[in-house]
Every structure is written in C-alpha cells, then in structure tokens.
Amino acid sequence: MRLSRYFLPVLKETPKEAEIVSHQLMLRAGLIRQESSGIYAWLPLGLRVLKKVNQIIREEQDRTGALELLMPTIQSAELWRESGRYEAYGKEMLRIADRHDREMLFGPTNEEMVTSIFRTHAKSYRDLPLNLYHIQWKFRDEVRPRFGVMRSREFLMKDAYSFDLDKAAARHSYNKMFVSYLRTFARLGLKSIPMQADTGPIGGDLSHEFIILADTGESEVFCHKDYLDFTPPPITTNFDDVAGLQATVDRWTSLYAATSEKHDAAAYDAIATDKRVSARGIEVGHIFYFGTKYSDPMKAQVQGPDGKPVTVHMGSYGIGPSRVVAGIIEASHDKDGIVWPVTVAPFEAAVVNLKVGDPDTDKVCAEMVGKLEAAGIDVLYDDRDERAGAKFATMDLIGIPYQLIVGPKGVKSGEAEIKVRRGGDRRTRPLDTVADEVIVLVTQARKLA
RNA sequence: CGGGGUAUAGCUCAGCCUGGUAGAGCGCUUGCUUUGGGAGCAAGAAGUCGGGAGUUCGAAUCUCUCUGCCCCGACCA
C-alpha cells in the first residue's frame, strides 16, 4: 500500500476529549473518529487492526470446534419477552419501533436469538455438543460512555453460545472457551489473567473475567504475581481431551485472582507479600456457564438417548474486539506512539523512502516493497514527499513493527536500515539481504504468537 | 440520572469581563530554498463564532432557551 494514496489522517496534537492514552493514540494515529457520544467510525488503518483481531479470535474459536454464524443487529421484542429480559434489561437497551409500530431493539447480546435458532433446528442429543458464535455489532445505551472505544455504546463483540446435555458436558464446553481465550489473548500480544467474577444480571454460578493489567483499567483487581509468567496453552492443545483441558483450567485457577466484586481479603492476604499484585485491569473477555436460565423459559430441549426431552445447559462467552484494540494500545505504547504486536499491526512492515523522486532510491524502494509483498507481508510504502523526520514520526505514531529505511546515501553505498519499533533497535544491512532479513523478522514474530 | 464544565477554521486555543463587524499556532494549497527524527521564507484558501429567541443603532461578546460534547459520581456480561 502506497501511503501517498492511503487515507491516514494523523494528528500532531491530542484532541482534548481524549483522557486515556489509547483513546489519544487511536485519534492521533487516524484509527477512529467519534461520530457521537460512544459511537465511532473505524477509519481504514483502524479497520485493518480490528480485522486482524477478529481473525485471530475466529481462528481460535474454530480450533475448539465452535461454528461461526451471523445473527442480525436488530431483534424483535417478542423474543426478549419469552426470556423475561425485555423489561428486566432496562434503559440500557435501545428500543426502536418499525413502520408498523412493532417493537424492535438493537441487540445488546444474543442469548435469546441463538436459543431460538437452536431449539428450532436441534432436536436430538446427537446434535450436541454445539457452540455457535458470531462477531457482530452490539449496542448498549451506556449512561456514560467514555475512554473512546474502551467503553462505547456501539461496540463489536464476539459472542459464543454453548449447548450441552448436562452440566458435566457444559463444563467441558466452558473449559474449551477458557483455554481458547488464553490462547487468543496471547496471540493478540496480551497477558490475560482469568479472574473469578460476578455473574451479574446474566445469572449462573461459574464465571471468569479475562483481565489485562493496565493503570487506566476500570476494574480493581487482585491476583498472584506468578500468573504473569504462566505460559499460554500450545497450538497442539487437544480440545477433545476432557481431563487435559480440565488440568489446564485447574492450573490457571490454582492461584488467587479476583476482581473487586469477588475479592476475598483473607485469601489475598495469605499470598506471600512479594507475590501480591493489587492493580487495575481491563476486562477483555468474560465467560459464563448459566445452566438452563434461558433454555428453560424458552423451552430449548432435545430428545435424550432414552427418548425423553432434556433441557439443554448453556454457556456464553464474550470478547470485545473493539475494546481489545484499545487494550492492546494501553499495554503497548511509548512516548512516540503505538507499538503494535506484529499479529495485529495494520501493516507488518514499512518501506520508508527518504528521497522520493531520486531515481535510484525510488527503484530500490520499489524492489524492497515487491520482495516483501511477494513474501506475503503487509507492507506500507511511505512514498510521500515529506521530510525524513515527518516520516519517522508517522511510522512510530502508527506503530509499524519493522521499518525498512532507504535513503540516497545508503543506496549509493549499497545499504539500507532496519528499524525495530519495539525497543528502537536499528541495524544497517546490505541492500541484497535487507529485505530477506525483514521477512525473517516478521515471520518469526508471527510465530511467537 | 445528580453535580460541574465547555461549544470560535480540519486540530489545539485566544478574543467575551468592559458590545463596534474574526485572530494565532499547527494542518491544507502554491512557489522558492531545504532534505536521516514532525524544516525555513513568501503568498493564499478556509469560520452560519453550536441552534433559536431577546436586548441594542450594532451581539462571538449581554439575557433567556434548546442541543451537542467532556469531566466527577451513581450505573456497567
């Protein structure tokens, strides 16, 4: 992608409405634009990041056997009356009427709809277990949206819903998502810690919030320090291994970790002083087992092996990709801008032409871009007629992980420079191998996830 | 929903108190000079001063009202 032809409205100054660093940087780097309180447009660069986050989530969901579908944003009030939540949800639900004055709503979540889909089409215990998920825009009319896309009214959510014959099977479905989330957040470059959490109005008795530590987080959290050094489950994880998954979940819940709502001061005080972490955190995922809370009133049943109807056990599992983007920035930035993990970077590498119009430099840059693109790398080519300083500043602000800097002096001496965004390391390399080295760096960084 | 603030060019803001017909920096356009960490000089484009009503010879400025946005609190899978 040539930057001179791209739409990248970066800002030198920080817009005054932005309080936290992720919001400031998302505006400055041209990722988003506010359209209304708690409602944002995703600009081209921001959308690239959002799509990469979605893709990682999707791959890890699919790995567990979950199936993607897509439910609508607009739902009928009828469905919500069945579960009793139409009244219970309160003013946070955006209620609308269509031309026939039928009561509709912009979905804040999809338990009712997915349950309705399930009960219509799944009739036998042989259809279980089943996990259906989608990545769709939600709307919750928050009293006070803030912090950009961190707490917005319209936001993207991956929500998965599991259906099982009994509690034991549901527990395994829960564990699949638990382990999947650990892998997902690790691939997104985040250190997530599963914490005991309130189940809230959604109900149920088994629930974990996945928290990343950040000073600007909205939740107060307490946990054992060792969690920060835990290794995420490997790609070879067998999601059908019931005992194996349970062992992983047990390990990740063996030490103390809780949000303030579930905080047990006595248990926390039992931790060695130097192992206590009392911090603020951002909730990036939340998983629930809630049994028959919806399947019961909505009569989601299948026929069991004995021919008798069984009400299915359900769980729901959410990740907010739009919030995750902000969370990644909170966890990974410096004074110059965003430091994207390669896995979610809008472009994995950039070629920076320091003298656009100089035939030799232009030619070398074109070769570099061609080599990187041929290797399947997302490349941003800065071919703008700007000064070097402005180009460096832009690349750092938008956080491109690997920057291949080509200037006329280097071209003459047969060299170019590689700059690594994280840490700022720079190295000069011969022109004939420099692109290959960037390819290796990007490829390795992808694998680390 | 309570409390507080704010609204002037794309962005950050000054001007308002004490009414006299619109400003700066950055960004944008053009030209020249520059060219390895957000360059310099010159010329230029750009604003219904959030909307409405009122006071006044005259309103960005004073009054009333509505709206948007932000902050604190309560709220929040």
Side-chain angles (χ1 to χ4, degrees), chain A residues 8-20 23-24 27-28 30 33-39 85 88-93 107-111 138 140-148 150-153 155 157-161 195 197-204 206-211 218-219 259-261 282-290 293-294 314-320 323 335-337 352-358 361 382 384-398 403 405-413 415-417 419 424 426 428:
Chain A
L8 184 64
V10 299
L11 304 172
K12 263 191 182 176
E13 287 171 286
T14 304
K16 63 177 172 181
E17 73 265 22
E19 289 277 308
I20 63 172
H23 190 196
Q24 294 171 347
L27 292 168
R28 286 195 53 212
R33 196 183 90 111
Q34 180 169 350
E35 294 301 332
S36 181
S37 178
I39 299 177
R85 280 211 292 180
Y89 219 96
K91 299 185 87 167
E92 203 172 298
M93 177 149 64
T109 177
N110 283 69
E111 278 85 2
K138 304 291 189 289
R140 292 181 193 173
D141 201 357
E142 296 275 353
V143 191
R144 191 181 158 208
R146 62 187 119 172
F147 304 144
M150 192 73 85
R151 175 165 293 282
S152 52
R153 295 196 292 170
F155 61 99
M157 182 158 82
K158 185 287 298 182
D159 38 327
Y161 304 91
M195 301 197 179
D198 245 353
T199 50
I202 208 158
L206 183 55
S207 170
H208 286 91
E209 282 186 20
F210 287 73
I211 301 280
E218 288 192 274
S219 318
T259 59
S260 57
E261 294 84 18
I282 299 168
E283 176 192 347
V284 287
H286 201 154
I287 61 178
F288 300 87
Y289 161 72
F290 47 73
K293 180 182 165 90
Y294 299 98
M314 295 175 57
S316 80
Y317 316 89
I319 296 178
R323 174 183 286 186
K335 65 173 173 48
D336 296 320
V352 180
N353 185 334
L354 292 185
K355 194 164 177 81
V356 174
D358 176 69
T361 311
D382 190 348
R384 295 173 303 164
D385 185 17
E386 287 284 347
R387 298 171 64 81
K391 296 193 175 205
F392 296 144
T394 299
M395 287 301 153
D396 287 351
L397 174 62
I398 67 174
Q403 302 166 20
I405 298 161
V406 181
K409 292 174 201 162
V411 168
K412 276 201 179 60
S413 56
E415 291 173 335
E417 189 175 61
K419 177 179 168 185
R426 298 192 210 182
T428 302

So which protein N/O to nucleotides 26-30 of chain B N/O distances come out below 3.5 Å?
{"from": "rG27(B)", "atom 1": "OP1", "to": "Lys12(A)", "atom 2": "NZ", "distance (Å)": "3.3"}

Considering only side-chain heavy atoms of [X], which listed nucleotide, [options], is closest?
{"X": "Pro15(A)", "options": "rU12(B), rG37(B), rG36(B)", "result": "rU12(B)"}
{"X": "Met157(A)", "options": "rA77(B), rC71(B), rC13(B)", "result": "rA77(B)"}
{"X": "Leu11(A)", "options": "rG36(B), rA74(B), rC11(B)", "result": "rC11(B)"}
{"X": "Glu92(A)", "options": "rA7(B), rC71(B), rC76(B)", "result": "rC76(B)"}
{"X": "His286(A)", "options": "rC1(B), rG36(B), rA77(B)", "result": "rA77(B)"}
{"X": "Thr109(A)", "options": "rA7(B), rA77(B), rG38(B)", "result": "rA77(B)"}

Rounding to an integer number of angstrom, what distance separates [N] and [M] when you compare their [atom1] atoms?
{"N": "rU67(B)", "M": "rG52(B)", "atom1": "C1'", "answer": "10 Å"}
{"N": "rG20(B)", "M": "rU63(B)", "atom1": "P", "answer": "15 Å"}
{"N": "rC66(B)", "M": "rC26(B)", "atom1": "C1'", "answer": "34 Å"}
{"N": "rU61(B)", "M": "rC49(B)", "atom1": "C1'", "answer": "10 Å"}
{"N": "rA9(B)", "M": "rU56(B)", "atom1": "C1'", "answer": "29 Å"}
{"N": "rG4(B)", "M": "rG38(B)", "atom1": "P", "answer": "45 Å"}
{"N": "rC62(B)", "M": "rU6(B)", "atom1": "P", "answer": "12 Å"}
{"N": "rA46(B)", "M": "rA39(B)", "atom1": "P", "answer": "27 Å"}

[N] [atom2] sits how many Å from [X] [atom1], rounded?
{"X": "Lys293(A)", "N": "rA77(B)", "atom1": "NZ", "atom2": "C1'", "result": "11 Å"}
{"X": "Tyr89(A)", "N": "rC75(B)", "atom1": "OH", "atom2": "C1'", "result": "13 Å"}
{"X": "Glu417(A)", "N": "rG36(B)", "atom1": "CD", "atom2": "P", "result": "13 Å"}
{"X": "Leu397(A)", "N": "rG37(B)", "atom1": "CG", "atom2": "C1'", "result": "14 Å"}

Distance check: side-chain N/O of [X] vs OP1/OP2 of [N], anything under 4.0 Å?
{"X": "Ser37(A)", "N": "rC70(B)", "answer": "yes"}
{"X": "Gln34(A)", "N": "rC70(B)", "answer": "yes"}
{"X": "Arg387(A)", "N": "rA39(B)", "answer": "yes"}
{"X": "Ser316(A)", "N": "rA77(B)", "answer": "no"}

Would a 4.5 Å heavy-atom cut-off, applied to side chains only, mark [X] and [Y] as touching?
{"X": "Glu386(A)", "Y": "Val356(A)", "answer": "no"}
{"X": "Asp396(A)", "Y": "Gln403(A)", "answer": "yes"}
{"X": "Lys293(A)", "Y": "Glu111(A)", "answer": "no"}
{"X": "Arg384(A)", "Y": "Thr394(A)", "answer": "yes"}
{"X": "Tyr317(A)", "Y": "Lys158(A)", "answer": "yes"}
{"X": "Tyr89(A)", "Y": "Thr109(A)", "answer": "yes"}

Partner nucleotide of [N] by Watson-Crick or wobble geometry (both distances under 3.5 Å):
{"N": "rA22(B)", "answer": "none"}
{"N": "rC16(B)", "answer": "none"}
{"N": "rC1(B)", "answer": "rG73(B)"}
{"N": "rU63(B)", "answer": "rA53(B)"}
{"N": "rU6(B)", "answer": "rG68(B)"}
{"N": "rG58(B)", "answer": "none"}
{"N": "rG31(B)", "answer": "rC41(B)"}

Apply side-chain contact (heavy atoms from CB on, under 4.5 Å) to [X] and list each qualifying residue two or more places apart in sequence or on a separate chain.
{"X": "Ala388(A)", "answer": "Leu354(A), Phe392(A)"}
{"X": "Ser413(A)", "answer": "Glu415(A)"}
{"X": "Glu283(A)", "answer": "Glu209(A), Ile211(A), His286(A), Arg323(A)"}

**Asked** Is there a donor and acceptor pair closer than 3.5 Å between the side chain of Arg151(A) and the base of rC76(B)?
**Response** yes
**Item:** Minimum heavy-atom distance Pro145(A)-Arg153(A), with the two atoms named
**Value:** CG-CG, 3.6 Å
**Request:** Please determine if Glu142(A) and Arg151(A) form a salt bridge, counting it only when a charged side-chain N lies under 4.0 Å from a carboxylate O.
**Result:** yes
**Request:** Using the test salt bridge (charged side-chain N to carboxylate O under 4.0 Å, His left out), find all partners of Arg144(A) that sit at least two apart in sequence or belong to another chain.
**Result:** none
**Prompt:** Between Glu19(A) and Asp159(A), which is nearer to the 5' end of RNA chain B once each is assigned its nearest nucleotide?
**Reply:** Glu19(A)
**Message:** Here's a test of your reading of the structure: between Arg146(A) and Ala393(A), which maps to the more 5' nucleotide of RNA chain B?
**Reply:** Ala393(A)
Kindly give the atom pairs (protein nitrogen or oxygen, nucleotide nitrogen or oxygen) under 3.5 Å for nucleotides 44-49 of chain B.
none

**Request:** Assign Thr394(A) to base, sugar-phosphate, or nothing according to its heavy-atom contacts below 4.0 angstrom with the strands shown.
**Result:** base
**Asked** Under 4.0 angstrom, heavy atoms only, what part of the nucleic acid is Glu283(A) near: base, sugar-phosphate, or nothing?
**Response** sugar-phosphate
